[in-house]
Amino acid sequence: MEPRTLVALVIFAVTYALLSLRRIPFLNLDRPTVALAGAVAMVAGGVLPLDAAYGAINFDTLALLLGTMVTIAYLREARFFEWVAHRILRTATTPRRLLVLVVFASGILSALFVNDTICLLFTPILLEALAAARLPPVPYLIALVTGANVGSAATLTGNPQNMLIGISSGISYGSFALVQAPLALLSLAVTAALLVALYRRQIPEQFSVLPDGARRVNGVVVRRLLAILALVLAGFLLPVERLVPGLGAGQRLPFVALAGAVVSILFGRYKPARALARVDFGLLLLFSGLFIVVRGLASTPLLDGLHASLAPHLGGSTAAQATSFSLFTLLGSNLVSNVPFVLTARDWIAAFPHPTLFWHILATASTFAGNLTIVGSVANVIVLEQAKDVAPIGFLTYLRAGLPITLVTLAVALAGLLAIARFAPAFG
């Protein structure tokens, strides 16, 4: 192995190992700064020149993330999500119905507003309501995070790895949702049924009155922002690039997201600094660093060699390849987290005989993989960290629900994707 390849491999391995840790007690680093350190190391180690490192950053993906987060920040300032959460809680008439509603509400909202955001905003509200109703919090917290992960698979803006897949694959927002949304809804139903069965003995028949759902919101601002959001979603679906001469192929999503952010700022009433303070710039830094780290490794023969060695073991038929790739994605996403895995695996999709199908498999498997373990996704960590003082959830406690939910929902979704590919050759 030549020295440059060895240096790239070491930097990549150390970066991904540190990213997989929940905490790094011996270093003053978190995940975004680990990615930044890895990117700097790729340049300092002579793997990439600085110009190539800059070129590795996919600004379309960063623009899509930034635009989406700004619009969500304004809705959050208007207390829209708090109002929605309390309305959902007031709608439930029994604890079991509440469990099902939490799964579907978190899933559907995550498809529109990104799963990490929904988990961040809903966890404290849910904990407050559960305490008032004297309900065991663990089943509902797991329902929140598993529903958010599953539901986020429905759209290209449901989670960060889907945004990356949308930019990399060139699949349109509408065609992606047309395939993924029904499978996500079916998987949400499976998730709810499994959770009701798993926790049937822990959930009582009745609960006391929940907190009042009438939370103060800025109705004028919320209505404006929802109208803007509707326009953004329409822009995702319509051929906007025909109206904007400067847009290139595959740039519809980031442009529309940024345009929506600008309109939200203009009509959202709140000062930009107040909303921008809620934007997760660390996530943008994480993506930027990972783009460079992965490009550094991809500039060596290692990734092509890895794919060449794995290809013969994926099977000959489409079903066998899909199953093997799904399981490999499930394991890889839990080993290094789903976003870093997708950054690596996206370069393999073109080699499959049915690339569109395998883009959907990568999106589904990497997203559903987040439900397997506590550290399977950032959404999991957000919920469990916020709830640790009230309802600590251990690895095995979570795995008891996460394992069957992950395996069953992935099997159901994979069967659906293969069925669609069989009866719609253009999709495969």
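Source: prediction; values computed, not measured.
The side-chain heavy atoms of Val293 and Leu297, taken from C-beta on, include no pair separated by under 4.5 Å. Phe291 places a side-chain heavy atom less than 4.5 Å from the side chain of Leu164. Counting only heavy atoms from C-beta outward, the side chains of Thr300 and Phe12 never approach each other to under 4.5 Å. Residues Asn162 and Ser152 have side chains not in contact (no heavy-atom distance under 4.5 Å, counting atoms from C-beta outward). Leu194 places a side-chain heavy atom less than 4.5 Å from the side chain of Val408. Trp348 has its side chain out of reach of Leu362: every pair of non-hydrogen atoms, C-beta onward, lies at least 4.5 Å apart. Looking only at side-chain heavy atoms (C-beta outward), Ile420 and His360 stay at 4.5 Å or farther from each other. Leu195 is listed as a side-chain neighbour of Val103, based on a closest heavy-atom distance under 4.5 Å.
In this structure a side-chain-to-backbone donor-acceptor pair under 3.5 Å is present from Arg346 to Leu343. In this structure a side-chain-to-backbone donor-acceptor pair under 3.5 Å is present from Arg200 to Ala197. No donor-acceptor pair closer than 3.5 Å links the side chain of Thr33 to the backbone N or O of Leu29. Looking only at distances, no side-chain donor or acceptor of Arg278 sits under 3.5 Å from a matching main-chain atom of Ala73. Side-chain atoms of Ser317 come within 3.5 Å of backbone atoms of Ala320 as a donor-acceptor pair (strictly under, hydrogens ignored). When atom types are taken as modelled, the side chain of Asn115 and the backbone of Ile118 share no donor-acceptor pair closer than 3.5 angstrom. Distance alone, capped at 3.5 Å, is enough to place a donor-acceptor pair between the Thr409 side chain and the Thr406 backbone. Not one N or O on the side chain of Ser333 forms a donor-acceptor pair closer than 3.5 Å with the backbone of Leu330.
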What verdict does the side chain to side chain donor-acceptor pair (under 3.5 Å) test give for Thr373 and Asn334, after you've listed the backbone C-alpha separation in whole Å, the side-chain angles of each residue and the deciding distance to 0.1 Å?
CA-CA 7 Å; Thr373 65; Asn334 274 275; 3.0 Å; yes

What do the steps show when you test Ile349 against Ser169 for side-chain contact (heavy atoms from CB on, under 4.5 Å), and what is the final call?
CA-CA 9 Å; Ile349 301 300; Ser169 67; over 6 Å; no

I'd like to know whether Val145 forms a side-chain contact (heavy atoms from CB on, under 4.5 Å) with Tyr398, so could you lay out the CA-CA distance, the side-chain angles of the two residues, the decisive distance to 0.1 Å, and finally the verdict.
CA-CA 11 Å; Val145 71; Tyr398 184 90; 4.0 Å; yes

Determine, step by step, whether Leu98 and Leu135 satisfy the side-chain contact (heavy atoms from CB on, under 4.5 Å) criterion, reporting the C-alpha distance in whole Å, the side-chain angles of both residues, the deciding distance to 0.1 Å, and the verdict.
CA-CA 11 Å; Leu98 176 60; Leu135 289 175; 3.9 Å; yes

Could you walk me through whether Val221 and Phe80 pass the side-chain contact (heavy atoms from CB on, under 4.5 Å) check?
CA-CA 9 Å; Val221 176; Phe80 169 73; over 6 Å; no

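Note that CD1 of Ile165 and CE of Met163 are 12.0 Å apart. Values are rounded to the nearest 0.5 Å. Rounding to the nearest 0.5 angstrom, the gap separating the OG atom in Ser110 from the CG atom in Asn149 is 7.5 Å. In this structure, the separation between OG on Ser172 and CG on Leu156 is 8.0 Å, given to the nearest 0.5 Å. Leu126 contributes atom CG, which lies 10.5 Å from atom SG of Cys119 (distance to the nearest 0.5 angstrom). The CG atom of Leu65 sits 11.5 Å away from atom CG of Leu253, with the distance rounded to the nearest 0.5 Å. A distance of 14.0 Å separates CZ in Phe287 from CZ in Phe59, rounded to the nearest 0.5 Å.
Taking the six-membered ring where the residue is Trp, the centroids of Tyr199 and Tyr140 are separated by 6.0 Å or more.
Listed by chain and number, the residues in a side-chain contact (heavy atoms from CB on, under 4.5 Å) with Val70 are Leu66, Tyr74, Ala261, Ile265, Leu276, Val279 (sequence neighbours excluded).
Across all their heavy atoms, Pro136 and Gln202 have their closest contact at CG-O, 3.3 Å. Heavy-atom minimum distance, Ser366 versus Gln161: OG-CG, 3.8 Å. When all heavy atoms of Asn159 and Ala153 are compared, the pair lying nearest together is ND2-N, 4.2 Å. For Pro254 against Ile167, the heavy-atom pair with the smallest separation is CD-CD1, 3.8 Å. Shortest non-hydrogen contact noted between Leu198 and Ala401 is CD1-CA, 3.8 Å. Contact detail for Leu141 and Ala387: the closest heavy-atom pair is CD1-CB, 3.5 Å.
Considering Thr367, Thr364, Thr155 in turn, Thr364 is the only one that fulfils the side chain to side chain donor-acceptor pair (under 3.5 Å) rule with Gln180.
Within the structure, every pair that satisfies the ring pair (Phe, Tyr, Trp, His ring centres under 6.0 Å) test and touches residues 108-128, not counting sequence neighbours, is listed here: Phe81-Phe113.
Other residues, nucleotides and ligands contribute only 12 or fewer heavy atoms inside 6.0 Å of the OH atom of Tyr54.
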